[in-house]
Undergrad: 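Let me begin by handing over the structure; questions about it come next.
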There are 2 protein chains.
Amino acid sequence: MAATLREVAERAGVSARTVSNVVNDFPQVAPATRARVQQALDELGYQPNAVARNLRNGRSGLIALVLPELDVPYFAELTRAVIEQAAAAGYTVVVDQTDGDPVRERELVMRGNRAAMFDGLIFNPLALGSADLRNRSSSTPVVLLGERVVQGGLDHIMIDNVGAAELATRHLIDLDRQRIAAIGDQSDESRQTGRLRTEGYQSALRSAGHEMRPDLIRPTEFFHRADGAAAMSDLLALPDPPDAVFCYNDLLALGALRTILSHGLRVPDDIALVGFDDIEDGRYSTPSLTTIRPDKTQIAKHAVQLLLNRLDGDKSAPAELSADYDLVIRESTTL
Amino acid sequence: MAATLREVAERAGVSARTVSNVVNDFPQVAPATRARVQQALDELGYQPNAVARNLRNGRSGLIALVLPELDVPYFAELTRAVIEQAAAAGYTVVVDQTDGDPVRERELVMRGNRAAMFDGLIFNPLALGSADLRNRSSSTPVVLLGERVVQGGLDHIMIDNVGAAELATRHLIDLDRQRIAAIGDQSDESRQTGRLRTEGYQSALRSAGHEMRPDLIRPTEFFHRADGAAAMSDLLALPDPPDAVFCYNDLLALGALRTILSHGLRVPDDIALVGFDDIEDGRYSTPSLTTIRPDKTQIAKHAVQLLLNRLDGDKSAPAELSADYDLVIRESTTL
DNA sequence: CGCTGGGCTTGCAACGTTGCAAGTGATGCT
DNA sequence: AGCATCACTTGCAACGTTGCAAGCCCAGCG
């Protein structure tokens, strides 16, 4: 069905090469010829065959974005930004979900036959750790997103999790809260996010001279609403429950919020709440959610730019870039 | 860097064709040869070049999912389902966002050079109407999602919007609500969703003998939280405000909920609320949201299956499939 | 011992595109 | 008139893969 260069050439009475020159806007084509070829192109509705092009010039024009879950708002918003950035550079993004499954992550990132299709990868690991990533056999360039799993050796866009968690916790301290809990700690070695945020949380408490109560640090398996709701139930069941909670992401906070409200308590009057990620849901909850806002556009921009540099043969040392963040104060911490 | 068939062949002392036979598990290869080739494959870490393969057999293995916004939860959840279904069939999904911009929709779906890259499209139109879609010049098969924009002639997966809206409204009637409002009407010809849901809403009111008050039907430009919040403000400002609201999607309902609560009113005591889509946010809001739940997995399954059939040369008449839905009753309508 | 057949392997060509270098014809200069 | 120059156009080859049909070699049979 689709017309080829050769067919257009025949119709216009020129060579395929000349048609190619017209299609690609090469200067060395006589105006008259160009017009004639253009007409043939239009008549046949010619569309360049992307696959053949890609084979010819050795690139597929495709980059893969590999992340845990697409329907988690933070990732959905990040994905939007990555797609936009990549499109601006003429690249197309394929999104792959791993559900945090190490087998799927390995398959997609390490050597999966899928990999041969992509010029590069942007990878937000959940289960895969340093050991895995270090001996990747595939030569496709990767940029990592998220906390630092690998010490050097790979391009990486991250946020200062410790600093951000400190900022969030200090905000609660400044509100004169005495029993500040944390939801989202993770002991699992491969999941650094939780560990780093706990580090920041503790550091803030310590420098404010607060008591450190291990029972106020609640681990969760995932970062979903359900985990936040369950952890909050546990906290409320304590003999001496918290008057403030720092949740390691907004979904946890929204789950916790639901539990608090259904216990007849008020936010922030009884319990103040801070989240992380600044997803849209938190801007419209009641009360709206105070949160750490990472600059998602900047993350996407850096990631795509870094990857494109590698594709252009940039051989410089692996980069580690930190994205900006700030604290957005909303109703959940404002009396 | 990546090894080619020829290189493997040289190393194993056979022809490229034989290596290809091994890679593709063809039966006609002597065990000894197979073993030797396999070893060479392993040693070189051979990965088939997807682009060359695709050129050879005329398919790219790529389907595009074109939708308005990826970071709207309904679409994110739908996208997850489509990716899973497509992956099961060996296809890779490229997600494209149009932001409801008719120019971008046209570019992507009608003839954009992007289109030549995809074997097929799954398209959820927002701005493009029947007139546009009917004279598509591209020969790439399309399956449409959403309300029926085109009368026949194209494959289509839809929900019975009128029936679902009737069900939602009847639920509010059964609660003895007297002044039932609707948020999300759309006059724009190309956006049928709003119109159809209004139709169902009105039909339910009519058959229950309820008064029809035009001032209780609020149009919105988009289906975002902000639109719901604004429309709800207007409704509350009426001399005779509603005691129940049917919102045409969950985001509108969450926005409306926020407005209601911030006015010191209670849900469902003062105002009962029903949404549409069953996004996860609505399951964790306070109160949780009664909503129409379309079977997203089924939608994705039908869409992918229908598209794959077309790719396999199925020439049967265009199909119009309706996905199932049901009413999920939660706190926003339970006293 | 020669011929047939089957098991296994191979070379060629093509998918649609573009880089390269060579080709064409007309123009201008000496 | 002859030659260099220029503007434009072309054919060839190759990207890595696989369908096709032909080829090779050995076993088995007459």
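Proteins get letters first, then strands, A, B, ... in listed order; numbering begins at 1 in each.
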Undergrad: D/dT10, D/dT9, D/dC15: which one has an atom nearest the side-chain heavy atoms of A/Ser15?
TA: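 Selected nucleotide (nearest to the side chain): D/dT10.
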
Undergrad: From C-beta outward on B/Thr33, which listed nucleotide comes closest to its side chain: C/dT9, D/dT9, C/dC15?
TA: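 Minimum distance to the B/Thr33 side chain belongs to C/dT9.
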
Undergrad: When all nucleic acid strands are considered with a 4.0 Å heavy-atom cut-off, which category describes B/Thr4: base, sugar-phosphate, or nothing?
TA: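 Here B/Thr4 touches the backbone only, sparing every base.
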
Undergrad: Regarding A/Asn54, tell me which of base, sugar-phosphate or nothing describes its non-hydrogen contacts under 4.0 Å with the strands shown.
TA: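 Since no nucleic acid heavy atom lies under 4.0 Å of A/Asn54, the category is nothing.
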
Undergrad: Base, sugar-phosphate, or nothing: which does A/Val14 touch, judged by heavy atoms less than 4.0 Å apart?
TA: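 The answer is sugar-phosphate, as A/Val14 gets under 4.0 Å only of primed atoms, P, OP1 or OP2.
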
Undergrad: Which of these nucleotides, C/dG16, D/dT9, D/dT17, is closest to any side-chain atom of A/Val29?
TA: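 Closest nucleotide to the A/Val29 side chain: D/dT9.
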
Undergrad: Heavy atoms from C-beta onward define the side chain here; which of D/dT17, C/dT9, C/dG16 lies closest to that of B/Asn49?
TA: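 Looking only at side-chain atoms, B/Asn49 lies closest to D/dT17.
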
Undergrad: Check whether any side-chain N or O of B/Asp119 sits under 3.5 Å from a backbone N or O of B/Gly61 as a donor-acceptor pair, and report yes or no.
TA: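 Yes, B/Asp119 side chain to B/Gly61 backbone: donor-acceptor pair under 3.5 Å.
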
Undergrad: Please confirm whether any donor atom in the side chain of B/Arg56 sits under 3.5 Å from an acceptor in the base of C/dG16, or the reverse.
TA: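 Side chain to base: no pair below 3.5 Å.
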
Undergrad: Would one find more than 12 heavy atoms of other residues, nucleotides or ligands at under 6.0 Å from atom CD of B/Glu10?
TA: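 For B/Glu10, atom CD is not crowded (no more than 12 foreign heavy atoms under 6.0 Å).
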
Undergrad: Would you find a donor on one side and an acceptor on the other, under 3.5 Å apart, between the side chain of B/Ser322 and the backbone of B/Ile159?
TA: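 No, because the side chain of B/Ser322 does not come within donor-acceptor range (under 3.5 Å) of the backbone of B/Ile159.
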
Undergrad: Using a 4.0 Å heavy-atom cut-off, does A/Asn57 contact any base of the nucleic acid, only the sugar-phosphate backbone, or nothing at all?
TA: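 The answer is nothing, as A/Asn57 stays clear of every strand by at least 4.0 Å.
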
Undergrad: For B/Arg53, answer base if it contacts any base atom (sugar-phosphate contacts may also be present), sugar-phosphate if it contacts only those atoms, and nothing otherwise; contact means non-hydrogen atoms under 4.0 Å.
TA: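 Counting heavy atoms under 4.0 Å across all strands, the contact made by B/Arg53 is with sugar-phosphate only.
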
Undergrad: Which is it for B/Arg59 and B/Tyr91 under the side-chain hydrogen bond (donor to acceptor under 3.5 Å, both in side chains) test, yes or no, and what are the steps along the way?
TA: CA-CA 10 Å; B/Arg59 307 181 316 100; B/Tyr91 276 81; 2.7 Å; yes

Undergrad: When you get a sec, tell me which of C/dG19, C/dT18, D/dG16 is the closest nucleotide to the side chain of A/Ser20?
TA: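 My answer, after comparing the listed nucleotides, is C/dT18.
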
Undergrad: Please tell me which of A/Thr18 and A/Ala52 maps to the more 5' nucleotide of DNA chain D, matching each residue to the nucleotide holding its nearest heavy atom.
TA: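 The answer here is A/Thr18.
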
Undergrad: On DNA chain C, does the nearest nucleotide to B/Ala16 precede the nearest nucleotide to B/Pro27 from the 5' side, or the other way round? Give the residue.
TA: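 By nearest-heavy-atom nucleotide position, the 5'-most residue is B/Pro27.
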
